[in-house]
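Structure, as structure tokens:
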Protein chains: 2
Amino acid sequence: MSITTKKVIQIGVVSELTGLTERQIRYYEDRKLIFPDRSKGRVRKYSFEDIQKIMDIHTKLTDGYQTVELKRMLAGT
Amino acid sequence: MSITTKKVIQIGVVSELTGLTERQIRYYEDRKLIFPDRSKGRVRKYSFEDIQKIMDIHTKLTDGYQTVELKRMLAGT
DNA sequence: CGTGTAAGGAATTCTGACACG
DNA sequence: CGTGTAAGGAATTCTGACACG
């Protein structure tokens, strides 16, 4: 596992880096588009790669796509 | 600034990754050996590079060096 | 000197829900 | 559908101090 895929960043930092709200970030997870790890205390941990994905997801949503469609795209179908 | 120098990791994760206690990590900062960023709420943020440094510091301490000497070494003197 | 610990407070995150449109 | 928000609780982190040796 490289540095880009290591899930070590908490949602507050992800929010800062992406410019999105925690609500949006959690929603993308709810929609099965991203899969952060969890600490023992249930706290979400993201990787730099996740951050890339999140920004990509948001861009696509802005472009008019829906999360269900994005999920299909990720599945490669 | 690359991914390795981006300070986004909190002390709990650093503790897990290095195997050191938060006490040790904070002490190295007190001794001016590492310089984490701070969030608005005073929470420390470390980079992957910091994690490397921390492990190196601990190894050197185990080897018998003192923090003052390590500081000199970092300063290149 | 480097590290452990108990103490109390502050910042951060979590979940489930109601709201809008 | 995607996102905002108020609510209460839980996990995380912070500082300063006392302890040991």
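Naming: A, B, ... by sequence-line order, numbering from 1 per chain. Please read all numbers here as calculations on a predicted model, not as lab measurements. What you see below is based on every heavy atom in this structure, not just the backbone, and it leaves out hydrogens, waters and symmetry mates.
Rounded to an integer number of Å, the gap from I25(B) CD1 to dT12(D) P is 15 Å. Note: CD (E22(B)) to C1' (dG16(D)) measures 16 Å, nearest angstrom. If you measure from atom CG of D30(B) to atom P of dT3(C), you get 12 Å, rounded to the nearest angstrom. The interatomic distance linking Y27(A) (OH) with dC14(C) (P) rounds to 18 Å, in whole Å. Put simply, CZ on R23(A) is 6 Å from C1' on dT3(D), counting in whole angstrom units. Taking atom CD on Q24(B) and atom P on dC14(D), their separation rounds to 15 Å, with Å as the unit.
Listed pair R26(A) / dC14(C) meets the phosphate criterion, a side-chain N or O lying under 4.0 Å from OP1 or OP2. Between R38(B) and dT15(D) there is a side-chain polar atom (N or O) within less than 4.0 angstrom of OP1 or OP2. Proximity of Y28(B) to the phosphate of dG2(C): no side-chain N or O atom is located under 4.0 Å from OP1 or OP2.
Distance alone, capped at 3.5 Å, places no donor-acceptor pair between the T5(A) side chain and the M1(A) backbone. The closest donor-acceptor contact from the side chain of S15(A) to the backbone of I11(A) lies at 3.5 Å or more, if one exists at all.
Two residues are said to be in side-chain contact when any heavy atoms from C-beta on lie closer than 4.5 Å; L70(A) and D56(A) fail this criterion. Here the side chains of Y46(B) and V13(B) are not in contact, with every heavy-atom distance at 4.5 Å or above.
One finds the CD1 atom of I3(B) at 13.0 Å from the CD atom of E49(B) (value rounded to the nearest 0.5 Å). Separating the CD atom in E22(A) from the CD atom in E16(A) is a distance of 10.0 Å, to the nearest 0.5 Å. Once rounded to the nearest 0.5 Å, the distance linking OG1 of T67(A) with CE of M73(A) reads 12.5 Å. Atom NZ of residue K45(B) and atom CD of residue Q10(A) lie 6.5 Å apart, to the nearest 0.5 angstrom. Taking CD1 of I9(A) as the reference point, atom CD1 of I51(A) lies at 4.0 Å (rounded to 0.5 Å). Within the model, atoms CD1 of I57(B) and NZ of K71(B) stand 12.0 Å from one another, a figure rounded to the nearest 0.5 Å.
Here the nucleotide nearest the side chain of T21(B), chosen from dT3(C), dG4(C), dC14(C), is dG4(C).
Taking a 4.0 Å limit (strictly below) on heavy-atom distances, residues 10-20 of chain B reaches DNA chain D at Q10(B), I11(B), G12(B). Using a 4.0 Å cutoff on non-hydrogen atoms, no part of residues 54-70 of chain B comes near DNA chain D. For residues 39-49 of chain B, proximity to DNA chain D is found at R42(B), V43(B), R44(B), defined as any non-hydrogen atom under 4.0 angstrom from a strand atom.
Linking Ile, Leu, Val, Met, Phe, Trp and Tyr residues whenever their side-chain heavy atoms come within less than 4.5 Å leaves L17(B) and V43(B) in two separate clusters.
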Distance-only donor-acceptor pairs under 3.5 Å for side chains of residues 28-38 of chain A, two or more places apart:
residue	atom	partner	partner atom	Å
E29(A)	OE1	R44(A)	NH1	2.6
R38(A)	NH1	R42(A)	O	2.7

Dot-bracket pairing map - DNA chain C, Watson-Crick plus G-U, both contacts under 3.5 Å, | cross-strand: .||||.||.|.|.||.||||.
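Pairs passing the salt bridge (charged side-chain N to carboxylate O under 4.0 Å, His left out) check and including a residue from residues 3-13 of chain B, sequence neighbours excluded, read K7(B)-D50(B).
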